[in-house]
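A note on names: the letters A, B, ... follow the listed sequences, proteins ahead of strands, and every chain is numbered from 1.
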Amino acid sequence: MRLNVTVNGERRQADDVWEGESLLYVLRERLGLPGSKNACEQGECGSCTVYLDDVPACSCLVAAGQAEGREVRTVEGLAEGEALDPVQQSFVDAGAVQCGFCTPGLVVAAHDLLDRVPDPSDEEIREALAGNLCRCTGYEKILDAVRTAAGAR
Amino acid sequence: MRTFSYVRAPDVETALRTIATEPNAKFLGGGTNLVDLMRENIERPDVVVDISRLPLTGIDELPGGGVRIGALVRNSSLAAHPLVRTRYPVVSQAVLGGASAQLRNMATVGGNLLQRTRCLYFYDEASACNKREPGSGCSALGGFTRNHGVLGVSDHCIAAHPSDLCVALAALDAEVEVESTRGTRRIPLTEFHHLPGSTPHVETALAPDELVTSVELPAPVTTRSRYRKVRDRASYAFALVSVAAALEVRDDTVTAARLALGGVAPKPWRATEAERVLLGAPATEESFRSAAEAELASATSQDGNDFKIELARRTIVATLRDLLTDRSAA
């Protein structure tokens with residue numbers, strides 16, 4: 001099929017797409033957006049989190065056919081030109097990144113949280129990020145980054 | 001993952017016609033369970049019928065005070081809906097107690113009813129599993145059973161049903177509406193899921209050509225309801241034991257009680273024995289304990305899940321105590 005999808009505000013097309021392949025595969029392998037990561041492929045780890053029609057979803061579980069005509073916003077679409085989104089900047093400043101594989105998903109999930117809840121409690125942060133697994137940091141610096149970003153927005 | 005053909009259904013009629021003519025087809029809603037199981041090679045449909053754009057996304061008030069929930073309502077929308085939050089707090093709490101934010105944004109109500117067990121042996125192709133491969137045996141028996149059932153299990157299967165939402169729906173007398181090319185019928189939620197017996201692969205009353213279109217909740221007997229979930233982590237874990245409860249008390253006497261258990265049985269477990277003990281009893285911790293004892297009287301356990309029997313009793317008592325003391329829940 002030819003897939004039509006709006007990604008980060010731009011109308012994109014991909015040809016010869018199998019409807020059953022994942023949206024994550026389309027983004028990474030066909031549209032040149034490798035920010036969203038492929039880890040568990042089961043919706044467990046959150047590394048592939050993107051906005052799908054404005055709500056965060058695991059793009060590994062979305063069939064390409066299901067994404068036809070819809071709007072996607074990936075981690076690549078959060079910055080304004082060269083200026084990082086406050087969530088991205090606070091991840092850098094807090095040292096919330098170690099190997100970095102989980103970071104794009106965490107950034108999108110934290111971005112969504114702060115859109116909905118501008119000043120979240122620690123409990124709200126933990127719950128909002130529960131679906132994003134990090135095996136390096138122990139999460140403390142990530143919590144720091146989200147608190148800082150909340151203050152900066 | 002095996003390849004399959006993909007069909008997007010533009011309307012319910014087409015979806016039903018397609019599923020009726022394709023011998024090995026599956027409906028695809030949110031994909032949070034089906035796609036996972038396809039990756040694991042456990043579900044192997046030849047045809048996937050994408051129903052995610054069908055107009056089954058309403059949450060509508062019914063005459064008489066009930067509510068109809070479309071099968072494609074997302075979990076996060078269900079939990080946030082004002083009608084659900086005010087009349088059925090237990091439903092909202094159950095949904096928010098499950099999965100992660102991303103998955104709740106994707107997962108649908110109909111899919112929640114049909115999600116399959118998280119038994120590790122069901123997922124592991126190298127293990128015997130009567131559910132995955134009828135007649136092959138059950139590796140869970142004598143295996144690692146911390147997450148398995150203690151009520152309604154059989155010698156063929158001890159897997160627990162994973163849903164939180166269904167536990168709340170079971171307590172509230174929900175009915176499931178299903179459609180096929182043959183017509184429409186309604187199934188009480190407590191009869192929708194089957195106990196394993198000698199056929200653990202037959203999990204629900206849904207025929208292969210039927211589509212869940214909505215779930216209806218009758219007017220609540222009380223808005224004082226609650227979901228309590230005990231698990232190994234504070235979030236993003238399946239229940240070891242969960243309790244959905246609604247309790248109405250007048251003059252210190254229980255005048256209505258609705259109770260269901262999760263994590264302990266192969267289906268959402270309506271606690272009818274406990275309800276029978278509670279109705280008309282003094283609203284005291286002693287009554288709650290007697291009710292819990294009655295419900296768990298038929299429980300059987302393996303070494304690994306023996307703790308669940310007492311944990312279930314205590315969680316029932318704690319949930320009812322919460323409902324009794326928290327006046328703000330009224």
Open item on the list: Between B/R39 and A/L61, is the side chain to side chain contact (heavy atoms under 4.5 Å, CB included) condition met? List the steps.
Closed with: CA-CA 10 Å; B/R39 293 244 163 82; A/L61 296 181; 4.1 Å; yes
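- Contact tally against chain B (heavy-atom pairs below 4.5 Å) for A/A109, A/G46, A/A63, A/C60: the top residue is A/C60.
- Taking non-hydrogen atoms and a 4.5 Å limit, the residue list of residues 227-237 of chain B in contact with chain A, ordered by number, reads B/S235, B/Y236.
- Atom CG of B/L28 is separated from atom CD of A/E19 by 12.0 Å, given to the nearest 0.5 angstrom.
- In plain terms, the two heavy atoms of B/R8 and A/G65 that are nearest each other are NH2-O, 2.7 Å.
- Counting heavy atoms of neighbouring residues, nucleotides and ligands inside a 6.0 Å radius, atom NZ of A/K37 exceeds 12 of them.
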Task: Pair A/C58-B/L103, side chain to side chain contact (heavy atoms under 4.5 Å, CB included): steps then yes or no - done: CA-CA 7 Å; A/C58 295; B/L103 295 175; 4.2 Å; yes
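- Within a 6.0 Å radius of CZ in B/R85, other residues, nucleotides and ligands contribute 12 heavy atoms or fewer.
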TODO: Check step by step if side chain to side chain contact (heavy atoms under 4.5 Å, CB included) holds for A/E41 and B/M1.
DONE: CA-CA 11 Å; A/E41 286 200 292; B/M1 183 159 57; over 6 Å; no
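- Both the backbone and the side chain of B/T3 come within contact range of chain A, with heavy atoms under 4.5 Å apart.
- Contacts of B/L34 with chain A are absent, with no heavy-atom separation under 4.5 Å from either backbone or side chain.
- With a 4.5 angstrom heavy-atom cutoff, A/E21 does not touch chain B via any of its atoms.
- With respect to chain A, the highest number of heavy-atom pairs below 4.5 Å among B/Q102, B/E40, B/R74 belongs to B/Q102.
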- [ ] Step by step, work out the side chain to side chain contact (heavy atoms under 4.5 Å, CB included) result for A/Q66 and B/M106.
- [x] CA-CA 12 Å; A/Q66 290 185 295; B/M106 306 172 77; over 6 Å; no
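- For A/D54, the CG atom is loosely surrounded, since the number of other residues' heavy atoms within 6.0 Å does not exceed 12.
- With chain A as the partner, the residue from B/N33, B/N105, B/T32 showing the most heavy-atom pairs under 4.5 Å is B/N105.
- Taking non-hydrogen atoms and a 4.5 Å limit, the residue list of residues 114-130 of chain A in contact with chain B, ordered by number, reads A/E127, A/A128, A/A130.
- Between B/F4 and A/W18, the shortest heavy-atom distance links the atoms O-NE1, 3.2 Å.
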